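Single-structure report; data block below.
Because the structure is a prediction, the values reported are computed rather than measured.
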Amino acid sequence: QALKKDLDKLTMDDQSRMREIDLLDFQCQEIQEAQLTQEDEEDLVQDYKKLENQESIREGLEQSLQRLQSSYESVSALDQMDTALANLYKISDYDEEIKAWADQLQSLRHEVHEVGQGLNRLLENSDQDPEALRLVEDRLNLVNNLKRKYGDSVQEILAYYEESQARLELLKNYKDEVNKKHKDLGEAHKKLQDLAQVVHQDQETLAQALEKRVEDEISQLNLSLIHI
């Protein structure tokens, strides 16, 4: 049955086969040229969000840094922590617990300073880049277009590509595949005939054995009757 179904799938007129080959050729080429990777799934969307909102990111970084680091306009968080530390260390000799809390605040002050340095580095690299945004946007549009045609994810698109490539190879080698399926079908049919012949012979042998056994039992019964 499976071989018959495979053969039925291959059975089509030349015009239909060529139309399907043209379609699969186009689809496979379109997917192949996109050179999709798993990074196109989530990283691309994240890059787009970052580039699209670069102005908001820069404003947020600047406002955060103004509150963390020293400025002419206001007292920063680091300034306030320095003041608190100075006051605590003045009295730390009088109480070990005060000294412990002052040391912990000093450690936190160091972490806040590192946060400020990290945010400063981000701010330095937060200039708007229209060309980068355009490239990411074009790539995102390409991936979304392929998703509309071939699958809801990059993984599904790549799976569709593999299946289409296999089908394309089958159609391009149509005659060879049909001949192979006919040959396989013929061999399967011959095996079935041979098996049927064996079963038939076994049935005849079994019938003969059963017939002989019945005859033997009848003979034994007749002998018993004669003796009686």
How long is the gap from CD on Q38 to OG on S153, to the nearest 0.5 Å? 7.5 Å
Would you check if the side chain of T83 reaches a backbone N or O of D79 as a donor-acceptor pair within less than 3.5 Å? yes
Check against side chain to side chain contact (heavy atoms under 4.5 Å, CB included), L146 and E30: CA-CA 9 Å; L146 292 176; E30 186 177 33; 3.9 Å; yes
Taken to the nearest 0.5 Å, the spacing of D103 CG from I98 CD1 works out to 12.0 Å
Are L108 and L68 joined in one hydrophobic group, where the rule is that I, L, V, M, F, W and Y side chains link up if heavy atoms are under 4.5 Å apart? yes
To the nearest 0.5 Å, atom OG of S92 lies from atom CG of L85 at 10.5 Å
Which atom names give the shortest non-hydrogen contact between L119 and S64, and what distance separates them? CD1-CB, 4.3 Å
Heavy atoms only: give me the nearest A84-L105 pair and the separation to one decimal. CB-CD2, 4.0 Å
Should we say atom CD of E59 is surrounded by more than 12 heavy atoms from elsewhere, each under 6.0 Å from it? yes
Please walk me through it: do E33 and Q29 pass side chain to side chain donor-acceptor pair (under 3.5 Å)? CA-CA 6 Å; E33 288 178 352; Q29 184 176 355; 3.0 Å; yes
Beyond-backbone contact of I57 with K50, side-chain heavy atoms, under 4.5 angstrom: yes
Nearest heavy-atom contact between A102 and L88 is CB-CB, 3.9 Å
Straight-line distance of N125 CG to N120 CG, nearest 0.5 Å: 11.0 Å
What's the verdict on side chain to side chain contact (heavy atoms under 4.5 Å, CB included) for K147 and E41, showing C-alpha distance, side-chain angles and the deciding distance? CA-CA 11 Å; K147 284 182 178 180; E41 195 67 68; 2.8 Å; yes
Worked verdict on E137 versus Y48 for side chain to side chain contact (heavy atoms under 4.5 Å, CB included): CA-CA 7 Å; E137 193 171 19; Y48 177 75; 3.8 Å; yes
Taking only Lys NZ, Arg NE, NH1 and NH2, and the carboxylate oxygens of Asp or Glu, determine whether D127 and R58 approach each other closer than 4.0 Å. yes
Check whether L61 and L51 end up in the same hydrophobic cluster, where Ile, Leu, Val, Met, Phe, Trp and Tyr are linked by side-chain heavy atoms less than 4.5 Å apart. no
Does CD belonging to E96 count more than 12 external heavy atoms closer than 6.0 Å? no
Please say which of F26, Y161, Y160 ends up in a ring-ring contact (aromatic ring centres under 6.0 Å, His included) with Y150. Y160
Is it the case that the side chain of R17 and the backbone of L171 share a donor-acceptor pair, with hydrogens and angles ignored and the cut-off at 3.5 Å? yes
Taking side chain to side chain contact (heavy atoms under 4.5 Å, CB included) as the criterion, tell me which of L44, T37, L36 meets it with V154. L36
Do Q165 and I31 have side chains that approach each other closer than 4.5 Å (heavy atoms only, starting at C-beta)? no
Rounded at 0.5 Å granularity, tell me how far CG in L23 sits from CE in M18. 12.5 Å
For side chain to side chain contact (heavy atoms under 4.5 Å, CB included), just list the numbers for L168 and E20, CA-CA rounded to whole Å, side-chain angles, deciding distance to a tenth of an Å, and then say yes or no. CA-CA 8 Å; L168 193 57; E20 187 174 355; over 6 Å; no
Rounded distance [0.5 Å steps], CG in L123 versus CD in E62: 5.5 Å
Answer with yes or no whether the side chains of H110 and Q106 bring together a donor and an acceptor at under 3.5 Å. no
Q15, CD: over 12 other non-hydrogen atoms inside 6.0 angstrom: no
Answer yes or no: is there a side-chain heavy-atom contact under 4.5 Å between R139 and V136? no
Taking L122 as the starting point, is it possible to reach L133 by hopping between hydrophobic residues whose side chains are less than 4.5 Å apart? no
Determine whether M81 and I91 fall in the same hydrophobic cluster, where Ile, Leu, Val, Met, Phe, Trp and Tyr are linked whenever their side-chain heavy atoms lie under 4.5 Å apart. yes
